[in-house]
Student: 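Below you'll find the structure I mean.
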Amino acid sequence: MMREQTSGFTLIEILVAMTILFAAVITGMMAFQNNMQNSVKAAEVMHVLSQVDAARSNIRFALQHDQQTRGQDLYTQDVKIDWQAQEVAYVPPAPFFDEDNGGFNQFAPRFHLYAITLTMQYGTTTRVFDYEELVWDENMRQASP
């Protein structure tokens, strides 16, 4: 008996091709899902970082006017902000040369130097910032003429 020759694919060839196609589709889907997660995380980090200046301004105001050294549950555009400050130094301004007297004038301490720890949370992102803030002593301003 003669076999008829057919043009087409065998079952094995089709299964191998489908396996390769399936692996490529799954790899693409996993890469897309990972990319989406990274995009969401990057958006959260950028949102937190965009609020740092406003938080620092609020902290500076609280240190200078209210003499607060800690703040909790301060929210700025859904970013939870907790901070604490520890006074490092109470320093005078730099002395300046007085031409009339021929010497340097010294000042009393007028500036507070604080070490600040700022914690910001948004979504699954938490960032901690450590920095120093120098603020004018508000009591000295009110005492000067």
Side-chain angles (χ1 to χ4, degrees), residues 6-145:
T6 59
S7 63
F9 299 107
T10 65
L11 181 60
I12 298 292
E13 292 172 332
I14 291 174
L15 288 176
V16 167
M18 286 181 65
T19 302
I20 292 171
L21 179 65
F22 180 72
V25 168
I26 292 299
T27 302
M29 286 175 52
M30 289 178 66
F32 179 75
Q33 184 180 22
N34 190 23
N35 194 14
M36 290 301 293
Q37 288 173 347
N38 289 340
S39 178
V40 167
K41 187 73 171 172
E44 286 180 355
V45 169
M46 290 303 298
H47 186 68
V48 167
L49 293 178
S50 70
Q51 301 304 312
V52 169
D53 286 337
R56 286 188 64 205
S57 178
N58 288 339
I59 291 169
R60 187 179 311 114
F61 185 85
L63 288 171
Q64 187 170 10
H65 297 289
D66 302 332
Q67 283 87 32
Q68 291 180 348
T69 57
R70 134 179 338 242
Q72 294 180 351
D73 298 329
L74 173 65
Y75 284 91
T76 302
Q77 294 189 7
D78 295 332
V79 177
K80 182 180 182 226
I81 300 169
D82 294 328
W83 63 275
Q84 60 183 354
Q86 182 177 359
E87 187 171 357
V88 176
Y90 185 50
V91 295
F96 78 94
F97 185 75
D98 186 4
E99 293 177 10
D100 295 335
N101 295 336
F104 285 93
N105 281 347
Q106 299 287 336
F107 294 100
R110 295 182 183 175
F111 297 104
H112 295 277
L113 179 64
Y114 292 98
I116 305 201
T117 301
L118 171 64
T119 305
M120 302 179 79
Q121 297 175 338
Y122 178 73
T124 61
T125 300
T126 300
R127 291 288 186 257
V128 177
F129 302 95
D130 292 314
Y131 67 97
E132 292 182 338
E133 188 73 56
L134 185 68
V135 296
W136 178 267
D137 187 350
E138 191 64 23
N139 295 329
M140 292 296 294
R141 181 186 306 221
Q142 294 169 357
S144 65

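Quick caveat, the model's predicted, so the values are computed rather than measured.
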Student: What pairs with Thr117 under side-chain hydrogen bond (donor to acceptor under 3.5 Å, both in side chains), at least two apart in sequence or on another chain?
Tutor: Asp130

Student: Run the side-chain contact (heavy atoms from CB on, under 4.5 Å) test against Gln37 and tell me which residues pass, sequence neighbours left out.
Tutor: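 So Gln37 forms a side-chain contact (heavy atoms from CB on, under 4.5 Å) with Gln33, Asn34.
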
Student: Please check this pair: side chain of Ser39 against backbone of Asn35, looking for a donor-acceptor N/O pair closer than 3.5 Å.
Tutor: no

Student: Could I get the full list of side-chain hydrogen bond (donor to acceptor under 3.5 Å, both in side chains) partners for Asn101, not counting sequence neighbours?
Tutor: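 So Asn101 forms a side-chain hydrogen bond (donor to acceptor under 3.5 Å, both in side chains) with Asp98.
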
Student: When rounded to the nearest 0.5 angstrom, what distance separates CD in Glu133 from CD in Gln64?
Tutor: 9.5 Å

Student: With sequence neighbours excluded, tell me which residues meet salt bridge (charged side-chain N to carboxylate O under 4.0 Å, His left out) with Arg70.
Tutor: none

Student: Of all the heavy-atom pairs spanning Ala108 and Pro93, show the shortest one and how long it is.
Tutor: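 So the two residues come closest at O-CD, 3.7 Å.
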
Student: Listed by chain and number, what are the ring-ring contact (aromatic ring centres under 6.0 Å, His included) partners of Phe61, not counting sequence neighbours?
Tutor: His65

Student: Taking only residues two or more places apart in sequence or in another chain, which ones pass ring-ring contact (aromatic ring centres under 6.0 Å, His included) with Phe111?
Tutor: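 For Phe111, the residues satisfying ring-ring contact (aromatic ring centres under 6.0 Å, His included) (neighbours in sequence not counted) are Trp136.
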
Student: Would you say that Tyr122 contacts Leu49 through its side chain, given a criterion of any heavy-atom pair below 4.5 Å between the two side chains?
Tutor: no

Student: Which distance, rounded to the nearest 0.5 Å, do you find between the CD1 of Ile59 and the CD of Gln68?
Tutor: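 Answer rounded to 0.5 Å: 10.5 Å.
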
Student: I'd like to check the side-chain hydrogen bond (donor to acceptor under 3.5 Å, both in side chains) partners of Glu87; sequence neighbours left out, ordered by chain and number.
Tutor: His112

Student: How would you list, by chain and number, every residue that makes a ring-ring contact (aromatic ring centres under 6.0 Å, His included) with Phe97, sequence neighbours excluded?
Tutor: Phe104

Student: Can you name the closest pair of heavy atoms from Val48 and Met120 and give their distance?
Tutor: O-CE, 3.6 Å

Student: Distance from Ile116 atom CD1 to Glu132 atom CD, nearest 0.5 Å?
Tutor: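 Spacing of CD1 (Ile116) from CD (Glu132) equals 9.0 Å.
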
Student: Report the distance from atom OG1 of Thr69 to atom CH2 of Trp83, rounding to the nearest 0.5 Å.
Tutor: 6.5 Å

Student: More than 12 non-hydrogen atoms from neighbouring residues, nucleotides or ligands closer than 6.0 Å to CD on Gln86, yes or no?
Tutor: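 No, CD of Gln86 has 12 or fewer neighbouring heavy atoms, counting only those of other groups under 6.0 Å.
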
Student: ring-ring contact (aromatic ring centres under 6.0 Å, His included) with Phe107: which residues, sequence neighbours excluded?
Tutor: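 ring-ring contact (aromatic ring centres under 6.0 Å, His included) check on Phe107 returns Phe96.
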
Student: In Å and rounded to the nearest 0.5 Å, what is the CE to CG distance from Met36 to Asn38?
Tutor: 10.5 Å

Student: Holding to side-chain contact (heavy atoms from CB on, under 4.5 Å), I want the full list of residues that pass it with Leu15, two or more places apart in sequence or in another chain.
Tutor: Leu11

Student: Could I get the full list of side-chain hydrogen bond (donor to acceptor under 3.5 Å, both in side chains) partners for Thr124, not counting sequence neighbours?
Tutor: Glu44

Student: Who passes side-chain contact (heavy atoms from CB on, under 4.5 Å) against Phe9, sequence neighbours left out?
Tutor: Glu13, Ile14

Student: Are Ile81 and Asn58 packed together at the side-chain level, in the sense that at least one heavy-atom pair is separated by less than 4.5 angstrom?
Tutor: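 No, every pair of side-chain atoms sits at 4.5 Å or beyond.
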
Student: Looking at every heavy atom in both Tyr114 and Val135, which two are closest together, and how far apart are they?
Tutor: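 Answer, listing the atom of Tyr114 first, then Val135: CE1-CG2, 3.6 Å.
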
Student: Rounded to the nearest 0.5 Å, what separates atom CZ in Arg110 from atom CG in Asp137?
Tutor: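 Output value for this atom pair is 10.0 Å.
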
Student: Hey, are the side chains of Tyr131 and Val52 touching, using non-hydrogen atoms and a 4.5 Å cut-off?
Tutor: no

